[in-house]
Amino acid sequence: MKAVVITKPFEVEIKEVPKPEIHEGKDVIIKVLSGGICGSDIGIFNGTNSLATYPRIIGHEFAGVIEEVGSAVTNVKVGDLVAIDPVNSCGHCYACRTGNHNVCSTVEVTGVHRDGGFAEYVKTSEKNVFKVDESKIDPQNAALVEPYSIGVEANERGRTTVGDKVLVMGSGPIGIAVMQVAKARGAEVMMTDLLDKRLDRALEMGADKVVNVLKESLSEAVQEFTNGDGAHVIIDSVCSPQSLEDALELAAPSGRVVTLGTGNKPSLIAQVAFTKKGLDVMGSRLSNNRFPHVIELFEKGAVTPEKMKTHTFHFTEIEAAFEFMKENQADVCKVVITF
């Protein structure tokens, strides 16, 4: 079978690799239909994802049809359309024992630490596959369950609730997912970006207010949006050293700041920045069994993955897709590759 392999930073190939086989009773083999390109995939390609190892078949946002199941599989069957959770945990470390398997001490992410879903076929475990109702969800949108699960996890970490004034920093696909989930929870959401086209898309997809931080003062906009409180919840999908510093400054006293970054460049933060306000500052990594929640949101129409998907490429055109994303940042939200 063919697969998208990043051999080392800036080198991607379509390679012939062995098709996976059933070895364990809970194994499931999936014929991949589609996959979403994430910023972390770009990070693996350009060497800025500090969590990745090489060579790697990338792809952690993907969906497909079950082709074969192990003898002990009971929850899904051959022919089912499924979305695949890429989190693989040990089940016995402190994080796993306390219900936080997404930050397992030895977590392996499909497409980052182990080979992923940008291949014609993929093997995973039954516990990682979630059936999708084709009568309610377009199969080509099923790959986007994973990025929306990041949005659910971030809002869970931030305890977003009805009446909160939420600031989402960054209007890329993860920022959009975070915003739509926050809106579904009854919050009002302001979004930021450097590009007007991305902000226009954010408004179209449900944001209450947007701010181009190159053209207006974000601090003043937050004060106006929150009636002087400061943001009750800030979710940072920009993930730069400066954005975390800004988030601590813009948060309301007793507010919650959630950061999604995987970069390893430090921010310059004085302890008083969060101590003075009694802030809860939290990392949010991957998602903690959020796929069923996301599938429910898809089925209810509470979020709009069909609007997030802006461009489509065949998987053999992956290098062209990367280049297109680099050259058309204002126009791209989510690029989906097909198989």
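Computed from a predicted model, the values in this text were never measured in an experiment.
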How many angstroms lie between atom [atom1] of [X] and atom [atom2] of [Y], to the nearest 0.5 angstrom?
{"X": "Thr53", "Y": "Asp115", "atom1": "OG1", "atom2": "CG", "answer": "8.5 Å"}
{"X": "Leu218", "Y": "Phe225", "atom1": "CG", "atom2": "CZ", "answer": "11.5 Å"}
{"X": "Leu194", "Y": "Gln329", "atom1": "CG", "atom2": "CD", "answer": "9.5 Å"}
{"X": "Met325", "Y": "Ile42", "atom1": "CE", "atom2": "CD1", "answer": "4.5 Å"}

- Message: Using the rule given for side-chain contact (heavy atoms from CB on, under 4.5 Å), can you reason through Val69 versus Lys77, listing the C-alpha separation, both sets of side-chain angles and the distance that settles it, and then say yes or no?
- Response: CA-CA 7 Å; Val69 298; Lys77 65 184 186 302; 5.9 Å; no
Evaluate whether atom [atom1] of [X] has more than 12 neighbouring non-hydrogen atoms of other residues, nucleotides or ligands under 6.0 angstrom away.
{"X": "Glu220", "atom1": "CD", "answer": "no"}
{"X": "Gln271", "atom1": "CD", "answer": "no"}
{"X": "Lys2", "atom1": "NZ", "answer": "no"}
{"X": "Glu11", "atom1": "CD", "answer": "yes"}

Side-chain heavy atoms nearer than 4.5 Å, only ILVMFWY residues, links allowed to pass through others: does that put [X] and [Y] together?
{"X": "Ile150", "Y": "Phe291", "answer": "yes"}
{"X": "Val168", "Y": "Ile234", "answer": "no"}
{"X": "Val335", "Y": "Ile58", "answer": "yes"}
{"X": "Ile137", "Y": "Val32", "answer": "no"}
{"X": "Met190", "Y": "Val213", "answer": "yes"}

Any donor-acceptor pair under 3.5 Å linking the side chain of [X] with the backbone of [Y]?
{"X": "Asn88", "Y": "Glu108", "result": "yes"}
{"X": "Asp236", "Y": "Leu260", "result": "no"}
{"X": "Ser237", "Y": "Met169", "result": "yes"}
{"X": "Glu153", "Y": "Ser284", "result": "no"}

Notebook entry, point to check: Do Ile14 and Val4 come close enough that some side-chain heavy atom pair is under 4.5 Å?
Noted result: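 The answer is yes; the side chains approach within 4.5 Å.
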Can you label the angle between the Phe45 ring and the Phe10 ring as parallel, tilted or perpendicular, going by 30° and 60°?
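Rings of Phe45 and Phe10: perpendicular, over 60°.
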Query raised in the report: For the residue pair Phe339 and Phe315, does the interplanar ring angle fall in the parallel (under 30°), tilted (30 to 60°) or perpendicular (over 60°) class?
Result: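 Plane angle under 30°, so parallel.
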(request) Pick out which of Asp331, Asn212, Asp193 makes a side-chain hydrogen bond (donor to acceptor under 3.5 Å, both in side chains) with Arg198. (result)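 That would be Asp193; it is the only one of Asp331, Asn212, Asp193 passing the side-chain hydrogen bond (donor to acceptor under 3.5 Å, both in side chains) with Arg198.
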Exactly one of Leu144, Thr110, Val145, Leu33 should register a side chain to side chain contact (heavy atoms under 4.5 Å, CB included) with Phe62. Which one does?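 The single option meeting the side chain to side chain contact (heavy atoms under 4.5 Å, CB included) with Phe62 is Thr110.
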Criterion side chain to side chain contact (heavy atoms under 4.5 Å, CB included) against Phe274, the qualifying member of Ile269, Asp280, Val257:
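Passing option: Ile269.
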**Asked** Are side-chain N/O atoms of Thr338 and Gln140 paired as donor and acceptor at under 3.5 Å?
**Response**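 The answer is no; no qualifying pair exists.
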Carboxylate-amine/guanidinium contact [X] [Y], below 4.0 Å:
{"X": "Asp200", "Y": "Lys197", "value": "no"}
{"X": "Arg185", "Y": "Glu156", "value": "yes"}
{"X": "Lys127", "Y": "Asp85", "value": "no"}
{"X": "Glu67", "Y": "Lys31", "value": "no"}

**Prompt:** Which is it for Glu224 and Lys209 under the salt bridge (charged side-chain N to carboxylate O under 4.0 Å, His left out) test, yes or no, and what are the steps along the way?
**Reply:** CA-CA 11 Å; Glu224 179 182 353; Lys209 182 174 175 58; 5.1 Å; no
I need the minimum non-hydrogen distance between Tyr148 and Val303, along with the two atoms involved.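 Shortest heavy-atom separation between Tyr148 and Val303 comes out as CE2-CB, 3.5 Å.
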Residues Asn46, Phe322; criterion side-chain contact (heavy atoms from CB on, under 4.5 Å); working and verdict = CA-CA 10 Å; Asn46 64 27; Phe322 285 165; over 6 Å; no
| message | I'd like to check the side chain to side chain donor-acceptor pair (under 3.5 Å) partners of Ser171; sequence neighbours left out, ordered by chain and number. | response |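 If we apply the side chain to side chain donor-acceptor pair (under 3.5 Å) test to Ser171, skipping adjacent residues, there are no hits.
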